[in-house]
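Have a look at the structure below before the remarks.
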Amino acid sequence: MCFFLNSNVSEEIYLKDLYIHNIMRTIFLFLIFFNLLLAQSSEIYKRPFQSAPDFDIDVLHYTINLKINDHEKAFYGKTDVEFKVAKSSIDTVILDTETFRVTNVYLDSIALNFDQTDSSLLILPEKPLYKGETYKYTVHYQSDGKIADPANYNMGGVRVLGLGFFDESEDNPALVQTHSFPEGARHWFPSNDHPADKATSTIVTTVRSDWKVLSNGMLKEKTTNWKRLSNGMRIRAVGSGDSTTYNWHLDMPNSTYLYVMVAGPYEVIQDYHGDFPMSYWVYPKDKKHANRSFHRTPEIMRFFENEYGVAYPWQKMDQITIPGIGGGAESTTATILGEKTIHDSKAEKDFPSHWLVAHEAAHHWWGDYVTMGNWHHAWINESFATYGEYLYSTFQYGKVEGKINLWKKKQSYLNEYRNRYSRPMVHPYWEYPNQNFDSHIYPRGAAVLHMLRQIVGDDVFKEFQEEFLNRFAFGNPTTEDLIGVFNDVAEKDYTWFFKQWVLSAGHPQLNIESSWKKGELTVAINQTQVGRKTPTKYYLPSKIAFFYKNEVVEEELIIDRKRSIFRFDTKKEPLFVRFDPNDDLLVEIEQNHTYEGLLNKLKRDNVIGRMEAAKLLKKYIDEPKTLRSLKRVAVHDRSWFVRKAAVQSVASEFTSKDFLIAFIREKHSQPRRSLVSEMSKYHPQDAIKLIRKYLDKDDSYIVQAEMIKQLGNHGDASDIDRIKRYVEPWSPRKIMRIAANKSLTQLQEK
């Protein structure tokens, strides 16, 4: 039985006694943390406030004609912009244009006057245009060999913004690609470049005849271009005139940041999801490994159709590899993925790509079909796609791996929170759109959606997803729209949840103390979080578990005060108390476990709890019982995640024999890499012997890379030839080459 004590004088006295030993430490940490967080957060609140878009025109369709001159690294364009006037009247039509130079603008055959600034094309019609009227302007332009520098647009992490050319290299063939996210479209065609103005599209691209072109929608026509001789005969063009034109058409409205065109000497692998065609476009050298990255795509599509209750809403699904990005980008019907997604069978264990395919596939519902109303509502795109990635990973690998996946996502957010800033997930203060795309909306957003699902249950959550997707199909909802749909479906007001988790910053930070006396267990929970726009107290539906020798008892709690006390009638004192036993909440918990409690936690808790216990027990490493327990867990725990944590905690007490036995028994690459690293730290010469014996035999790139690293740290000149063998061969992300070159430099300098 559980009951809650209302605040009163006696309770305050009790709490003061209970927390007195933490007061000075809490004040000290508060001052340091608050000053640091205040400095970091103030910067993001100084950015310009962004209001809702106010469009003069509504673009209905783009017809983009591009001629690619790859030998000049230049392109020529002609784009028809068909639009409807949105204001009562306008005397200037403004389109977003950057980098390329506009040469002419026409309405039918009538040339129109225009001005071009660094960021806009201002077209001057002969007479005012009135609301509801439709027009089609044709804009001619050329790149003059100019390419946008992504760094100038706060996009330093990518190599292309707009349209860019890649020379042939060891990693990729010569090719051309576009990158439209977030405001790259304006660098390769004139547009109303905002996600809230969706339009259908036709993208016609002429390239050299040994290249293929992929774009949004369906391929309507492919034309070989011929030369006509003076005698009237036609021959296929050769040399610089040898070209092919591809006509791709998407007859469903799509935001400009999702437009794509990629051209190069690709190999195309055909697949299907039911009647929907799917293709995987890869470099010729990568064809033999392509299916390893993409073969789960039909399964992923079926999984999301079942999860979202909405059939795949587009005509086809292509995926294409490109250089210049590390992850992917969800261009509608033609997802672009970084070339590093291709890998051999050996890399599958450490560098799988199904999570990336799943993330980008989920975007075809969340981001493409339903698209944020403005950039600061980007969590609607990214939180749901990241959560979809988690859901599929759990489906593929099981619930234990799913817990590890979600835990890692929480740590990614917490790292940004601690080291950079804290902000609400919906934060309309930004200068560049991509400032909205951070760990607050990717991993944090996934964790927030997971919490919401646990509160309302699978059925309500899935019904909400289906209703929201159907209600705003091809639309641009805001967060307020989403909250409204959720409340409608749940038939209950959950605005409180979105206010504290989406529209506020931070997360609960809880100090938990428990004590047992005469058949009563008292649990005191103190919310200690601080920060700008951070709730001083959260409303937290939660659970708590009491672990006894032969049973586990769970109780439900509602935490809705800054300081809460819960009392439970129990005849025996629990071995340990576990708040949030399923790790559903995005919280930081400070809880002092007893030594015996930690030992039991190491045996009895779930995978996250056992990992935490393995780490916390390091401070008791001098206790014989600790040593025995951690050694056992380091070798025998059923999860690699816990074994790795135990290895790192007990390593200082491992003998060389302990390391060797654990290494030989360990099947998972992550703890095996830790064993190599820790053994090299405490028994370097014995570690070198192990490395020399097993380097060529190990079946993991990350373990081999760690071994090579340690040869550089502790080996000698006799290892140089051994390491040289790993400089040239392929490895994922070139980790072997990087490790080998660094170690060779170290050994040659000894």
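Treat the numbers as computed from the prediction; the structure is a model and nothing was measured.
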- side-chain hydrogen bond (donor to acceptor under 3.5 Å, both in side chains) between His61 and Glu82, worked out: CA-CA 5 Å; His61 186 81; Glu82 186 176 345; 5.8 Å; no
Can you tell me if [X] and [Y] form a side-chain donor-acceptor pair at under 3.5 Å?
| X | Y | answer |
| --- | --- | --- |
| Asn172 | Ser169 | yes |
| Thr478 | His377 | no |
| Glu183 | His194 | no |
| Asn216 | Ser201 | no |
| Lys198 | Thr371 | yes |
| Tyr280 | Asp286 | no |

Tabulate below the donor-acceptor pairs under 3.5 Å that side-chain atoms of residues 149-166 make, not counting sequence neighbours, or state none.
from: Asp149; atom 1: OD1; to: Ala151; atom 2: N; distance (Å): 3.1
from: Tyr153; atom 1: OH; to: Glu98; atom 2: OE1; distance (Å): 2.8

- Short side-chain to backbone donor-acceptor contact, Glu267 and Lys287, under 3.5 Å: no
- Task: Going by the side chain to side chain donor-acceptor pair (under 3.5 Å) test, name the single residue among Thr256, Asn476, Asn192 that passes it with Asp197.
- Result: Asn192
- Query: side chain to side chain donor-acceptor pair (under 3.5 Å) with Gln319: which of Thr297, Thr335, Asp271?
  - Reply: Thr297
- Message: Can you tell me how far apart NZ (Lys87) and CZ (Phe55) are? Round to the nearest 0.5 Å.
- Response: 10.5 Å
- Considering residues, nucleotides and ligands other than Lys316, do more than 12 of their heavy atoms fall under 6.0 Å from its NZ? yes
- Do the ring centers of Tyr392 and His354 come within less than 6.0 Å of each other? no
- Task: Mind checking side-chain contact (heavy atoms from CB on, under 4.5 Å) for Asn65 and listing every partner two or more places apart, or none if nothing turns up?
- Result: Thr63, Lys78, Val204
- Task: Classify the ring geometry between Trp314 and Phe474 as parallel (under 30°), tilted (30 to 60°) or perpendicular (over 60°).
- Result: perpendicular
- Option from Thr103, Leu107, Val102 for which side-chain contact (heavy atoms from CB on, under 4.5 Å) with Val105 holds: Val102
